[in-house]
Amino acid sequence: MSILQMGRRPLFIIFVIMAICGFWLIRHLSKMKKGIENISQRTYTRLPEKGIFSEVYGALNKMDMEIRNSDKIQEETDRVRNEWITNITHDLKTPLSPIKGYAELLTSNAEIDKATMQEYGGIILKNVNHTEKLINDLKLTYQLDSGSMPFNPQFVKLARYMKELVIDIVNDPAFKDRNIVFESNAQDIEICIDTDLFRRAMNNLIINALTHNPPETKVTISIDTNSEKEACVYISDNGKGMSDEEQAELFNRYYRGTNTKEKPEGSGLGLAIAKQIINLHNGNIHVKSELNEGTQFTIILPAEIK
């Protein structure tokens with residue numbers, strides 16, 4: 001064998017090795033490319049996490065799992081939102097029907113006596129107020145989401161503020177016979193809140209407890225501080241309570257609860273709005289409930305204690 005032939009042989013071996021490595025690399029790169037395409041098309045099959053590219057295959061597997069989970073969440077959100085929109089549409093039509101019906105009676109009968117006219121007018125007004133509340137809930141939800149809601153915080157004494165709020169609810173004819181109790185163990189707590197927005201949140205929570213429980217239910221609103229010197233507002237009742245499933249979904253804006261048929265006037269937004277407002281004030285809200293035992297909402301807020 002000549003010296004020239006001996007020199008060519010190592011080069012040939014190197015060339016063969018490089019060709020084999022090239023084909024091997026192309027095969028794995030093609031597998032990765034195909035995997036990415038399959039993930040985007042939701043047809044991905046999990047790849048074995050082994051070999052020099054095990055980390056890459058692991059990342060692809062993780063990406064596919066996260067995308068699939070995200071798809072499931074999106075599908076569930078879309079389903080619940082569509083169901084909620086259907087309910088809202090129905091709820092808007094519900095008060096419009098008597099408004100239209102009684103308005104037609106008033107305009108078509110010129111000989112209606114004053115008492116009947118007042119009765120019809122009262123029914124129309126009640127349904128107009130209900131429609132207005134639904135629309136306001138939708139508007140407020142959009143404003144809180146978009147950050148376009150005016151926010152004007154100021155310091156107030158929490159005990160006095162909550163006491164006045166509870167008195168207003170007690171004086172509402174709809175709740176004049178209900179058992180509503182206010183208690184405070186912390187008279188010197190000051191919190192920084194938008195008084196109108198925070199009133200909306202507290203009203204939603206208290207009226208929710210009154211509306212969705214039997215008339216004899218006792219609703220207690222109490223104020224205290226925790227070990228972190230934060231303000232705590234407790235809204236408790238000894239009513240029907242809720243299941244674990246209801247508690248998990250309670251602050252979902254599209255969730256209307258299991259007793260919608262019993263209380264059709266709800267928009268399904270009240271508690272979600274309350275949570276958004278409390279979060280806006282750098283606070284937190286938690287719920288604890290047991291069936292046939294009652295429910296307690298705990299609102300925790302930054303505070304100053306004088």
Side-chain angles (χ1 to χ4, degrees), residues 133-170 172 175 180-212 219-237 242 246-255 257 266-289 295-306:
K133 182 182 183 304
L134 289 173
I135 293 172
N136 286 340
D137 279 353
L138 291 169
K139 178 183 176 183
L140 182 55
T141 297
Y142 168 76
Q143 289 177 316
L144 289 168
D145 272 351
S146 64
S148 61
M149 186 73 199
F151 184 60
N152 303 301
Q154 58 181 294
F155 280 98
V156 299
K157 288 190 175 297
L158 180 58
R160 180 178 178 181
Y161 175 85
M162 289 299 300
K163 185 176 182 180
E164 291 175 353
L165 186 152
V166 171
I167 289 172
D168 287 343
I169 293 176
V170 171
D172 187 328
F175 307 114
I180 307 172
V181 178
F182 175 74
E183 302 171 347
S184 176
N185 294 323
Q187 297 294 330
D188 296 327
I189 300 177
E190 286 193 358
I191 58 173
C192 189
I193 57 171
D194 183 305
T195 54
D196 292 334
L197 267 182
F198 197 73
R199 174 178 288 268
R200 178 66 176 272
M202 294 299 100
N203 274 339
N204 284 358
L205 291 165
I206 297 170
I207 292 174
N208 180 78
L210 293 166
T211 302
H212 296 285
V219 177
T220 302
I221 299 92
S222 56
I223 297 172
D224 209 336
T225 56
N226 61 16
S227 59
E228 302 296 326
K229 303 299 181 182
E230 296 169 309
C232 300
V233 179
Y234 304 98
I235 300 172
S236 310
D237 67 68
M242 293 178 286
E246 287 179 290
Q247 292 178 62
E249 297 282 358
L250 196 60
F251 297 111
N252 186 329
R253 71 178 55 167
Y254 305 126
Y255 184 70
S267 67
L269 290 170
L271 295 184
I273 287 173
K275 181 178 175 65
Q276 283 182 287
I277 292 173
I278 291 165
N279 289 344
L280 185 63
H281 287 85
N282 297 316
N284 291 296
I285 181 170
H286 309 285
V287 62
K288 182 179 180 181
S289 184
T295 300
Q296 181 180 79
F297 288 95
T298 301
I299 299 95
I300 301 173
L301 297 159
E304 291 192 8
I305 302 176
K306 301 298 184 180

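Proximity of Lys275 to Ile299: side-chain heavy atoms (C-beta onward) are nowhere separated by under 4.5 Å. Within the 4.5 Å cutoff, the side chain of Phe251 has heavy atoms near those of the Ile285 side chain. Contact of the Asn226 side chain with the Ile300 side chain is registered, since non-hydrogen atoms from C-beta on lie closer than 4.5 Å. Put simply, the side chain of Asp145 reaches to within 4.5 Å of the side chain of Gln276, judged on heavy atoms. No side-chain heavy atom of Leu138 sits less than 4.5 Å from a side-chain heavy atom of Leu134. The shortest side-chain heavy-atom distance between Ile221 and Val219 falls under the 4.5 Å cut-off. Side-chain contact between Thr295 and Met242 is present, with heavy atoms from C-beta onward closer than 4.5 Å. Val233 places a side-chain heavy atom less than 4.5 Å from the side chain of Met162.
Among all heavy-atom pairs drawn from Ile169 and Phe175, the shortest one is O-CB, 3.8 Å. Ile223 approaches Ala159 most closely through the heavy-atom pair CD1-CA, 3.6 Å. Contact record, Pro150 with Asp194: O-OD2, 3.7 Å, taken as the closest heavy-atom pair. Counting all heavy atoms, side chain and backbone alike, Ala231 lies closest to Leu158 at CB-CD2, 3.8 Å. Of all heavy-atom pairs spanning Leu271 and Asn204, the tightest one is CD2-O, 4.4 Å.
Rounded to the nearest 0.5 angstrom, Glu230 CD and Ile191 CD1 are separated by 12.0 Å. Between atom CG of residue Asn282 and atom CG of residue Asn284 there is a gap of 9.0 Å, rounded to the nearest 0.5 Å. Atoms CD1 and CG, on Ile207 and Asp172 in that order, are 7.0 Å from each other to the nearest 0.5 Å. The CZ atom of Phe198 sits 6.0 Å away from the CD1 atom of Ile278 when rounded to the nearest 0.5 Å. Here the CZ-CE distance, from Phe297 to Met202, works out to 10.0 Å after rounding to the nearest 0.5 Å. To the nearest 0.5 Å, atom CG of residue Asn136 and atom CD1 of residue Ile273 are 9.5 Å apart.
Side-chain contact of Ser222 with Thr220: a donor-acceptor pair under 3.5 Å is absent, judged by distance alone. Between Gln296 and Ser236, the side chains place a donor N or O and an acceptor N or O closer than 3.5 Å (distance only, hydrogens not considered).
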- Derivation and outcome, side-chain contact (heavy atoms from CB on, under 4.5 Å), residues Leu140 and Met149: CA-CA 8 Å; Leu140 182 55; Met149 186 73 199; 3.4 Å; yes
- Message: Before you tell me yes or no, could you show the steps for Arg199 and Asp168 under salt bridge (charged side-chain N to carboxylate O under 4.0 Å, His left out), namely the whole-Å CA-CA distance, both residues' side-chain angles and the distance that decides it to 0.1 Å?
- Response: CA-CA 11 Å; Arg199 174 178 288 268; Asp168 287 343; 3.1 Å; yes
- Message: Pair Asn208, Ile235 - check side-chain contact (heavy atoms from CB on, under 4.5 Å), show working.
- Response: CA-CA 10 Å; Asn208 180 78; Ile235 300 172; over 6 Å; no
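Partners of Val170 by side-chain contact (heavy atoms from CB on, under 4.5 Å), not counting sequence neighbours, listed by chain and number: Val166, Ile180. Partners of Glu164 under the side chain to side chain donor-acceptor pair (under 3.5 Å) rule, at least two apart in sequence or in another chain, are Arg160.
The aromatic rings of His281 and Phe151 lie perpendicular to each other, with more than 60° between the two planes, well past the 30° mark.
Salt-bridge annotation for Arg200 and Asp196: absent, with no side-chain N of the basic residue lying under 4.0 Å from a carboxylate O of the acidic one.
Remark: side-chain polar atoms of Asp237 are not paired, donor with acceptor, to backbone N or O of Ala209 under 3.5 angstrom.
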